[in-house]
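Below you'll find the structure, written out as structure tokens, and then a few comments.
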Amino acid sequence: MTPALPRNIQLKLEQTIAQWHQWHCEPPLQAAPAVVAVLAPGASNFSILVASEQHFVVRIDGINPATNGLNRQTEWRTLQTAHKAGIAPKPRYFNPELGSMVCDYLTPDQDQELCMTTVGTLLREIHNLPARHNRLDLAERILRYEKHLEHKHQTLAAPLQQCREQIFDLLDPVNQRPHTAVLCHNDLLRGNRIVSAGRLWAIDWEYCAMGNPWFDLAVVVTGDSLNTAQTEALLLAYLGAAPSDAQRMELTRHSCIYRYMELLWYQAQTHAVLEPPQLNDKMTALQRALQQYLT
């Protein structure tokens, strides 16, 4: 078995592969898949490439999904409808007891350059998927991360603590003003978008939930550091028209919230995934964004 995996993850991988007869494949698999490679591990799970008649990705939870507020049942059901809509890989197997999920592997095209128009269209298609019961409450998610820090006997970094009150001031109108919740990906960063067979697909749907579409847009704009021209192209494709001043304000508001939440998430991780200079840059960007928004 692959030596790069922790022993408990290896055992869960073996058990998942042993259930290959139950994988939803048409036609059914004729032999057990074999491990090809361990893909880049995430901060909270492991992804392993396996192959039988075709290639699959087996994802094994590295931590309890509830720690990050994830709902695997929602993800599984959403993947099924997203695949039918032609925007996600086909899900093949799900075992919540093992913390494992199997999906088709999408072979990346050599040319992965994308215009933001295509990404805006993908976001609109995601937001048109059927509603689910699971809902993302931004304030609750922030409090969850803070609680996780308390369990680790840590406190908010001083710069984050200084921004906290401003962030919750931004959340007040978001919570008070009614909006139509839609199914959101909530993590559609560049690494979770892939061009395969000439089409754009969304992968890694673990954060999907009903929510505010402006947060989903803010994740892409802020997380991928889009410039002004790219942002305008994304919004024009998504909205079908040039954004209004009020819509630009919603994007800016949710971008500030996302920046804060992203930094909080990094601080809550057991193993650092960013070097201090990168964290400092993100902290400076949050402070600058808040200053610009509030002036």
Side-chain angles (χ1 to χ4, degrees), residues 68-69 116 119-124 126-128 131 134-146 156-157 159-190 192 207-268 279-295:
N68 288 329
M116 286 300 107
V119 180
T121 300
L122 176 62
L123 272 169
R124 191 172 64 246
I126 291 172
H127 296 169
N128 284 328
N134 191 40
R135 187 183 183 101
L136 172 62
D137 183 316
L138 296 172
E140 187 277 334
R141 182 63 57 84
I142 288 173
L143 292 173
R144 179 189 296 273
Y145 289 160
E146 292 176 348
L156 282 179
L160 275 179
Q161 186 66 51
Q162 294 171 2
C163 295
R164 187 179 188 275
E165 183 176 350
Q166 293 174 311
I167 292 297
F168 274 88
D169 285 343
L170 295 185
L171 280 167
D172 283 342
V174 171
N175 293 330
Q176 294 172 5
R177 185 171 57 252
H179 68 274
T180 301
V182 298
L183 196 288
C184 295
H185 186 285
N186 292 315
D187 198 27
L188 198 64
L189 300 170
R190 186 177 293 108
N192 290 334
Y207 284 95
C208 67
M210 301 299 291
N212 192 313
W214 288 103
F215 182 76
D216 225 7
L217 285 158
V219 170
V220 176
V221 172
T222 306
D224 286 344
S225 301
L226 301 189
N227 59 34
T228 300
Q230 290 171 322
T231 300
E232 290 300 306
L234 176 76
L235 293 177
L236 182 60
Y238 178 79
L239 298 170
S244 65
D245 289 343
Q247 289 171 328
R248 293 182 193 277
M249 187 65 72
E250 283 298 318
L251 178 63
T252 302
R253 182 197 307 274
H254 285 85
S255 293
C256 290
I257 295 169
Y258 173 74
R259 289 185 189 277
Y260 178 81
M261 187 181 296
E262 180 190 37
L263 278 163
L264 195 61
W265 183 87
Y266 280 126
Q267 189 175 347
L279 287 173
N280 290 337
D281 289 345
K282 287 183 176 293
M283 188 69 247
T284 299
L286 169 60
Q287 293 169 326
R288 186 183 300 117
L290 282 170
Q291 184 178 14
Q292 292 174 347
Y293 180 81
L294 296 172
T295 56

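What you see is a predicted model; the values in this text were computed from it and never measured.
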Only distances under 3.5 Å count here; give the side-chain donor-acceptor pairs of residues 159-171 to other protein atoms, sequence neighbours excluded, each with its distance to 0.1 Å.
{"unit_1": "R164", "atom_1": "NE", "unit_2": "E146", "atom_2": "OE1", "d": "3.3"}
{"unit_1": "R164", "atom_1": "NE", "unit_2": "E146", "atom_2": "OE2", "d": "2.7"}
{"unit_1": "R164", "atom_1": "NH2", "unit_2": "E146", "atom_2": "OE1", "d": "2.9"}

Worksheet entry | Qualifying salt bridge (Lys or Arg N to Asp or Glu O under 4.0 Å) pairs, either residue in residues 207-220, two or more places apart |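 Qualifying pairs, neighbours excluded: none.
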
Sequence neighbours left out, what pairs pass salt bridge (Lys or Arg N to Asp or Glu O under 4.0 Å) with at least one residue falling in residues 238-247?
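Passing the test, one end in residues 238-247: no pairs.
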
[X]: side chain to side chain donor-acceptor pair (under 3.5 Å) partners, not counting sequence neighbours:
| X | answer |
| --- | --- |
| Y238 | H127 |
| N68 | none |
| N134 | none |
| D187 | N192 |

Which heavy-atom pair separates [X] from [Y] by the least distance, and what is that distance?
| X | Y | result |
| --- | --- | --- |
| N212 | C184 | O-SG, 3.8 Å |
| S225 | Q230 | O-OE1, 4.4 Å |
| L279 | L263 | O-CD2, 3.9 Å |

Check against side chain to side chain contact (heavy atoms under 4.5 Å, CB included), D224 and V119:
CA-CA 12 Å; D224 286 344; V119 180; over 6 Å; no

When the side chains of residues 284-292 are checked against the rest of the protein, which donor-acceptor pairs come out under 3.5 Å, sequence neighbours left out?
{"unit_1": "T284", "atom_1": "OG1", "unit_2": "N280", "atom_2": "O", "d": "3.0"}

Residues that D281 engages under side chain to side chain contact (heavy atoms under 4.5 Å, CB included), provided they are two or more places apart =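 D281 satisfies side chain to side chain contact (heavy atoms under 4.5 Å, CB included) with no residue once adjacent residues are dropped.
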
Taking only residues two or more places apart in sequence, or in another chain, which ones meet N128 in a side chain to side chain contact (heavy atoms under 4.5 Å, CB included)?
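Here the qualifying residues are R124.
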
State the [atom1]-[atom2] distance between [X] and [Y], to the nearest 0.5 angstrom.
| X | Y | atom1 | atom2 | answer |
| --- | --- | --- | --- | --- |
| L138 | N186 | CG | CG | 8.0 Å |
| L183 | I126 | CG | CD1 | 8.5 Å |
| L217 | L239 | CG | CG | 7.0 Å |
| Y145 | E140 | OH | CD | 9.5 Å |
| Y207 | R141 | OH | CZ | 7.0 Å |
| L123 | L188 | CG | CG | 5.0 Å |

Taking the side chain as everything from C-beta on, heavy atoms only, tell me whether M116 gets closer than 4.5 Å to L226.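 Yes - at least one pair of side-chain heavy atoms lies under 4.5 Å apart.
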
What pairs meet the side-chain hydrogen bond (donor to acceptor under 3.5 Å, both in side chains) rule with one or both residues in residues 248-259, with sequence neighbours excluded?
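For residues 248-259, and leaving out neighbouring residues, the side-chain hydrogen bond (donor to acceptor under 3.5 Å, both in side chains) pairs sorted by first residue read R177-E250, T222-S255, E232-R248, R253-Y293.
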
